[in-house]
Visitor: 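Attaching a single structure in structure tokens format; questions to follow.
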Amino acid sequence: MENNNNSDKGMENEEDRVPVERPWLVVFLLPAVIVGVLALLIWAIVVTTGIAQAGGTVTLLFFDRNGTALTPSQVRLISNNNGAGYNSDFLLNPTNMRAISSGPLYTSGSNLAFNIPSQAVSLAFNWPTLPNGFSLVVLDNGGVGFSAGGTYNFTYQAARDTKKKLDAALAARPDYVASTKFNTAYQAASTQLASVDAYSPESAKGKAGQLALDNLAVAYDVLLAEYGPVFAATNKATLPPWLGFTIDTVSNYQANLDLAASLAAPYGWIRVVFDAGQGPSTYTNLVNYAKTKGLKVLGQPVDSTYDKGYTRAQYKQRFIDFITAFPQIDAWEVGNEVNGSWLSSEIGVKIADAAAEVKARAPGKFTVLTLFWQINTDSIANSMFTWVNTNLPAATRSNIDVVTFSQYQEQAPMGVVFDQVMKTMRAEFPTQKIGLGELGYWIPGQQFWWAYNQTDTTAAKRAVASQYYNAALAYPGSIGGVFWWTYIADFKSDTALQQVVSKLRDTLQASGPTPTPTATPTPSVTATPTPTATPTPTPTATPTPTPTPTPTATSTPTPSPTPTATPTPGGNVFSGNWAAVAVIPALATFKDFYQTVPVTSGLQYTANVWVKGSGSLELQVWGNTRWTQKLASVKVTAGSTWTKVTTPVFNVGTRSRVYLSFDTAYSNAAGKMYLDEVFVGTSGGANRVTNPGFESGNTSWSNDAPSVFSIQNAP
């Protein structure tokens, strides 16, 4: 992740859903009028209630913490974090967590409901579990899924399902010594659930269920975070733990590596992102210095952001070049966030090629594959376990030693589902090691949901780090990992964040010697589950090739006046004193400079920008938060004089906002471009862009690549 991160994480809006398949209506020997009436009646039923599938219909009742009934629109707002997020309802296979359908919930009277297909299903839905923030709640009817219709109280059933999983997690850890914090939360949840039964009023069950679910989220987190370090210390002779950080620049590398070593040695790992366009020689001093500090190195030749910039042959050659240059590197990341919809369709074979090259050219070194945690925040095909089943054949898996996933809770909540995800990972990869391959929190442009602290981002980052550096170690076969993405920015001046890792290191050191790790995968102690039939994915829109971060839905800004189209003679500013500057790389890296723009539905709009300099960018206008509906685009090529570049006219439909972006979407388009007076609006109308001439400095624009895009005074 080169802070994609990660662009198309939005769920489709209601209007984007694939329509429910209609059954054939066969009527024999009826008069035409009767046929027409019957057809109209059936159509009305389908539209208002959805089609009842083979298993029937599950109706869900929702209540808040006070026992007040919630309407469907209120439920959506709560799940969507008051509109900051998006619809997140998916149906899953309850055994292997593979996605079956997206957006199954529909309004049925005053409630929400979903239809059961021809197999048992569980419902995945983002839901707040206070005070820990949002969780992905998997409603699975006690683990067996829903195979018959009925009416269920959502929070009550969710609490019962979660407690059953927590009890199983406890039973699997008989040596766990529970803390007061765990006991308090667990007993509170148990008491709340015991206060109601099947005959209690639904409002009372809903209230008790929500309060119990809150406490269960706390108890679950405490169990895993407390148990992880103890379990890892006990088993480190056969499974050495990894305490990881990510570094993506050679700037000031000595100080950054010194800090990592001081916090994590002798378990410290540094993950080095080798940027596109940079060869091995750029990183020689950094890698050698890391080894002198006792750090193990995980090399990442191709970040997910850069994947589309390489053909299959180029991807393979890049690995050959780096493996040859760095025989001292301990592990190689053969694919990064590979189930992301912004990667190429060839990523499966690219992974296979890279893993084979590591095995052939660097025997004894680990091959590491990183997935992206998304099970209900993109298309069915890109849902993590669905993608794995489709794209990783046995031959590829045989060359992979460690399988991890990157996790960003502001994009895709985790919470109470973490234990289920890790156990499913272990079952899916019984002969590989598992772990977290990347962790971070509150990435700009991706702040849909919150975790641990809604108002204090620093406190939330510390809590996320504390939870998952520890909890990731609580499983047989897990190396931990984590590899905090924004390590340099977050750790260098935050002593509390530093102490999260150093305290864990001290716990690990307190028990026995630390052996040298080998690349031999640790056998799983978890039996492989009985295979289940692979669900047929629902067709989805083709993912956008641009891995742009999804703009945050914000309040509507005040429109700016249309700029005066008279360039200032000479200089690198079209008008005023400020301009945006893009230092465009030689390869397409799909980096973005972007803004959410309010619009009025039903109108015809256009977008334009004044540019000067050299190189090419793509000016894009997107119509949805998944960045899959491109309303307009144009190639922007700069020259020696100021030039105005305009998109074709586009209709915004029923939308109230669009997403404007400048993207490094072209290879062989390097240069330095100056941009000024950006416009989105109707012909002759007001400019809807905020800070279009950049005279307010670094405000209103988001940027996922400061090395590429900047706003400057008198550039």
Visitor: Please name the pair of heavy atoms, one in Thr424 and one in Met97, separated by the smallest distance, quoted to 0.1 Å.
Guide: OG1-SD, 3.4 Å
Visitor: Please confirm whether the backbone N or O of Ala472 pairs with a side-chain atom of Ser478, one donor and one acceptor, at under 3.5 Å?
Guide: yes
Visitor: Supply the atom-to-atom distance Ile479 CD1 to Thr404 OG1, rounded to the nearest 0.5 angstrom.
Guide: 7.0 Å
Visitor: First locate atom OG of Ser122, then atom CG of Asn141, and finally report the distance between them rounded to the nearest 0.5 Å.
Guide: 10.0 Å
Visitor: Under 3.5 Å, side chain of Thr396 to main-chain N/O of Leu392, donor-acceptor pair present?
Guide: no
Visitor: Among residues two or more places apart or on two chains, list those pairs meeting ring-ring contact (aromatic ring centres under 6.0 Å, His included) that have a residue in residues 182-228.
Guide: Tyr176-Phe182, Phe182-Tyr186, Tyr227-Phe231
Visitor: Are Asn93 and Val121 side-chain neighbours, meaning at least one heavy-atom pair lies under 4.5 Å?
Guide: no
Visitor: Taking Gly348's backbone N and O only, do any of them form a donor-acceptor pair with Asn391's side chain (distance below 3.5 Å, no angle check)?
Guide: no
Visitor: For Ile434, is there any backbone N or O sitting under 3.5 Å from a side-chain donor or acceptor partner on Arg426?
Guide: no
Visitor: Considering non-hydrogen atoms only, spot the tightest contact between Phe146 and Leu139 and give its length.
Guide: CE1-O, 3.4 Å
Visitor: What do the steps show when you test Trp449 against Tyr408 for ring pair (Phe, Tyr, Trp, His ring centres under 6.0 Å), and what is the final call?
Guide: CA-CA 10 Å; Trp449 290 276; Tyr408 293 85; over 10 Å; no
Visitor: Mind running side-chain contact (heavy atoms from CB on, under 4.5 Å) on Phe405 and Leu436 for me, showing each step along the way?
Guide: CA-CA 5 Å; Phe405 59 90; Leu436 286 182; 3.3 Å; yes
Visitor: How many angstroms lie between atom CD of Glu337 and atom CG of Asp307, to the nearest 0.5 angstrom?
Guide: 11.5 Å
Visitor: Whether the side chain of Ser200 engages the backbone of Lys205 through a donor-acceptor N/O pair (distance < 3.5 Å, no angle test) should be reported.
Guide: no
Visitor: Could you check Asn126 against Ser79 for side chain to side chain donor-acceptor pair (under 3.5 Å), going step by step and ending with a plain yes or no?
Guide: CA-CA 5 Å; Asn126 294 344; Ser79 176; 5.5 Å; no
Visitor: Could you check Val421 against Phe385 for side-chain contact (heavy atoms from CB on, under 4.5 Å), going step by step and ending with a plain yes or no?
Guide: CA-CA 9 Å; Val421 171; Phe385 292 110; 4.3 Å; yes
Visitor: Contact between Gln409 and Gln467 at the side-chain level, heavy atoms closer than 4.5 Å - yes or no?
Guide: no
Visitor: Would Val417 and Trp373 count as a side-chain contact (heavy atoms from CB on, under 4.5 Å) if you check the C-alpha gap in whole Å, the side-chain angles of each, and the deciding distance to 0.1 Å?
Guide: CA-CA 12 Å; Val417 82; Trp373 167 241; 4.0 Å; yes
Visitor: Ignoring hydrogens and angles, tell me if any N or O in the side chain of Lys163 forms a donor-acceptor pair with the backbone of Ala212 under 3.5 Å.
Guide: no
Visitor: In terms of the angle between their ring planes, are Trp127 and Phe62 parallel, tilted or perpendicular, with boundaries placed at 30° and 60°?
Guide: tilted
Visitor: If you take all heavy atoms of Leu166 and Leu216, which pair is closest and at what distance?
Guide: CD2-CD2, 3.8 Å
Visitor: Without swapping roles, check the side chain of Asn453 against the backbone of Ala460 for a donor-acceptor pair under 3.5 Å.
Guide: no
Visitor: Examine distances only and state if a side-chain atom of Asn66 and a backbone atom of Thr68 form a donor-acceptor pair shorter than 3.5 Å.
Guide: no
Visitor: OG of Ser88 to CG of Asp378: how many Å apart, nearest 0.5 Å?
Guide: 13.0 Å
Visitor: Would you sort out whether Tyr468 and Phe418 count as a ring pair (Phe, Tyr, Trp, His ring centres under 6.0 Å), showing the intermediate values?
Guide: CA-CA 10 Å; Tyr468 292 104; Phe418 182 75; 5.0 Å; yes
Visitor: Answer yes or no: is there a side-chain heavy-atom contact under 4.5 Å between Tyr106 and Thr57?
Guide: yes
Visitor: Are side-chain heavy atoms of Arg397 and Glu428 found at a separation under 4.5 Å?
Guide: yes
Visitor: Taking atom types as modelled, find out whether Ser379 and Asn382 have a side-chain donor-acceptor pair closer than 3.5 angstrom.
Guide: yes
Visitor: What distance separates Thr151 OG1 from Glu202 CD, expressed to the nearest 0.5 Å?
Guide: 8.5 Å
Visitor: Is there side-chain contact between Tyr441 and Trp450, with at least one heavy-atom pair below 4.5 Å?
Guide: yes
Visitor: According to salt bridge (Lys or Arg N to Asp or Glu O under 4.0 Å), who are the partners of Arg173, at least two apart in sequence or on a separate chain?
Guide: Asp419
Visitor: Only one of Ile400, Val403, Val402 forms a side-chain contact (heavy atoms from CB on, under 4.5 Å) with Thr367, so which one is it?
Guide: Ile400
Visitor: Could you pull out the closest heavy-atom pair between Thr370 and Ser406, with the gap in Å?
Guide: CG2-N, 3.8 Å
Visitor: Give the C-alpha distance, both sets of side-chain angles, the deciding distance and a yes or no for side chain to side chain donor-acceptor pair (under 3.5 Å) between Asp89 and Asn376.
Guide: CA-CA 7 Å; Asp89 47 310; Asn376 65 326; over 6 Å; no
Visitor: Under the side-chain contact (heavy atoms from CB on, under 4.5 Å) rule, what do Gln411 and Phe372 come out as? Steps first, then yes or no, please.
Guide: CA-CA 11 Å; Gln411 300 174 43; Phe372 182 76; 3.5 Å; yes
Visitor: Quick one: does Asn80's side chain have a donor or acceptor within less than 3.5 Å of a partner on Gly83's backbone?
Guide: no
Visitor: If I compare all heavy atoms of Gln210 with all of Pro128, which pair ends up nearest, and what's the gap?
Guide: NE2-O, 3.4 Å
Visitor: For Leu61, does its backbone N or O pair with a side-chain atom of Asn111 as donor and acceptor, under 3.5 Å?
Guide: no
Visitor: Indicate yes or no: at least one non-hydrogen side-chain atom of Val338 is less than 4.5 angstrom from one of Leu371.
Guide: yes
Visitor: Can you find a pair of side-chain heavy atoms, one from Leu123 and one from Tyr152, that are under 4.5 Å apart?
Guide: no
Visitor: Does the side chain of Trp442 reach to within under 4.5 Å of the side chain of Glu410, using non-hydrogen atoms?
Guide: yes
Visitor: Looking at every non-hydrogen atom in both residues, tell me the closest pair between Asn339 and Ser383 and how far apart they are.
Guide: ND2-C, 4.3 Å
Visitor: Supply the atom-to-atom distance Asp64 CG to Gln74 CD, rounded to the nearest 0.5 angstrom.
Guide: 8.0 Å
